[in-house]
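Only one structure is covered here, and it is reproduced in the block below.
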Number of protein chains: 2
Amino acid sequence: MGATKTDHFTERQNQIAKIAKALGHPARIAIIEYLLKVNTCICGDIVNELPLAQPTVSQHLKELKNAGIIKGNIEGTAICYCIDEKVIEILNDYFSKIILTVTNQKCC
Amino acid sequence: MGATKTDHFTERQNQIAKIAKALGHPARIAIIEYLLKVNTCICGDIVNELPLAQPTVSQHLKELKNAGIIKGNIEGTAICYCIDEKVIEILNDYFSKIILTVTNQKCC
DNA sequence: TTTTTATATTGCAATATTACGATAAATGTT
DNA sequence: AACATTTATCGTAATATTGCAATATAAAAA
């Protein structure tokens, strides 16, 4: 196997899992932190920031884009990347609700 | 390859990625949502809630436990599982900060 | 003690992910 | 046009993940 049975779960569950999965790699977290640090969309330059080869970084960027976490605008030779707040907001709302429920929980 | 180069990233980046990765599967999201729904630690019963075989569920529970997202207390024959708010709080804080930074960002 | 019930572990097949060298594609520069 | 620069894609090797049947383990119940 190795293939996730996505059709057995709700769309919402698959959505959250997809976003979380895209964030489930330190290189992709590092990319996001870099985009936050420069505090603007950055054109080029991401490859030099990471300890990985250019095709690997490109692949990670593709996955972040695919999950809707970042967006890229072509700007001449380079591509401008920035974080798409919409998706981060979805995650944030989701976990906020979890926190609320959990803290009201009578538990072990 | 297939192995993540964790030693090239900060401990923090690896920590966030690890938690996110554990949440990156719809079955594990479904488990968490079930734990929230019953609103208490649940003994047994998780297997019947999911459209997956018992060993598969056991494996997903193990991964959630390994990431610190849930904790399990042995209670006779069954095991009581519940969400560990500490880890969810780490994620929530992390994404809250991202949201704050992103919304202040002048971007494409 | 034997049986039942609940969960974990093992072993395996199918598929996915990670990483990178080589190469392609696209655009700006000379 | 020829070249340089930047990012994407292809191909491939190593490893990880997913899922389940079979089996093991552990504790309660009979």
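Because the structure is predicted, anything quoted here is derived from the model rather than measured. Chain letters run A, B, ... following the sequence lines, proteins first, then strands; residues in each count from 1. Heavy atoms only: backbone and side chains are in, while hydrogens, waters and symmetry mates are out.
For A:H60 and C:dT17, the shortest distance from a side-chain N or O to OP1 or OP2 is not below 4.0 Å. Under 4.0 angstrom from either OP1 or OP2 of D:dT17 there lies no side-chain N or O belonging to A:K21. For A:S58 and D:dA8, the shortest distance from a side-chain N or O to OP1 or OP2 is below 4.0 Å.
Straight-line distance from the NZ atom of A:K65 to the P atom of D:dT9: 7 Å, rounded to whole Å. Between A:N48 atom CG and D:dT7 atom P the separation is 9 Å, expressed in whole Å. The interatomic distance linking B:N66 (CG) with C:dT9 (C1') rounds to 15 Å, in whole Å. Rounded to an integer number of Å, the gap from CG of A:L61 to C1' of C:dT18 is 15 Å. Across the protein-nucleic acid pair, B:L64 atom CG and D:dT18 atom P stand 11 Å apart, rounded to whole Å. Regarding B:I46, its CD1 atom lies at a distance of 12 Å from the C1' atom of C:dA6, rounded to whole Å. Atom P of nucleotide C:dT18 and atom CG of A:L50 are separated by 14 Å, given to the nearest angstrom. What separates CG of A:L23 from P of C:dT18 is a distance of 12 Å, to the nearest Å.
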Tell me which donor-acceptor pairs under 3.5 Å the side chains of residues 2-9 of chain A have, and how far apart each pair is, sequence neighbours excluded?
| unit_1 | atom_1 | unit_2 | atom_2 | d |
| --- | --- | --- | --- | --- |
| A:T4 | OG1 | B:H25 | NE2 | 3.4 |

Do any side-chain atoms of residues 47-56 of chain A form donor-acceptor pairs under 3.5 angstrom with protein atoms, and if so which ones, sequence neighbours left out?
none

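The minimum heavy-atom distance between B:I69 and B:A22, with the atom names listed, is CD1-CB, 3.7 Å.
Between D:dT15, D:dT9, D:dT18, one nucleotide has an atom nearer to the side chain of A:K62 than all others, and that is D:dT9.
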Its contact letters, B for base, S for sugar-phosphate only and - for none at protein heavy atoms under 4.0 Å, make nucleotides 20-25 of chain D read BBB---
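Proximity of residues 7-14 of chain B to DNA chain C (heavy atom under 4.0 angstrom from any strand atom) is not detected for any residue. Contacts between residues 24-32 of chain A and DNA chain D, counted as heavy-atom distances below 4.0 Å, involve no residue at all.
Screening residues 13-27 of chain B for salt bridge (Lys or Arg N to Asp or Glu O under 4.0 Å) gives no qualifying pairs among residues at least two apart or on separate chains.
In this structure, B:T4 reaches the sugar-phosphate backbone alone: every heavy-atom distance under 4.0 Å involves primed, P, OP1 or OP2 atoms, never a base.
For B:N14, the side-chain hydrogen bond (donor to acceptor under 3.5 Å, both in side chains) criterion is met by no residue, not counting sequence neighbours. Scored by the salt bridge (charged side-chain N to carboxylate O under 4.0 Å, His left out) test, A:K86 finds A:D84 as partners (sequence neighbours excluded). By the salt bridge (charged side-chain N to carboxylate O under 4.0 Å, His left out) test, B:E63 is found to be paired with B:R28, residues two or more places apart in sequence or in another chain being considered. B:D93 is linked by a salt bridge (charged side-chain N to carboxylate O under 4.0 Å, His left out) to nothing, counting only residues two or more places apart in sequence or in another chain. Residues meeting the side-chain hydrogen bond (donor to acceptor under 3.5 Å, both in side chains) test with A:E33, sequence neighbours left out: B:Q13, B:Y94. Remark: A:S96 pairs with B:N92 by the side-chain hydrogen bond (donor to acceptor under 3.5 Å, both in side chains) rule, at least two apart or across chains.
Of the inter-residue distances, the one linking B:I83 atom CD1 with B:L64 atom CG reads 9.0 Å to the nearest 0.5 angstrom. For the atom pair CG of B:L23 and CD1 of A:I98, the computed distance is 7.5 Å after rounding to the nearest 0.5 Å.
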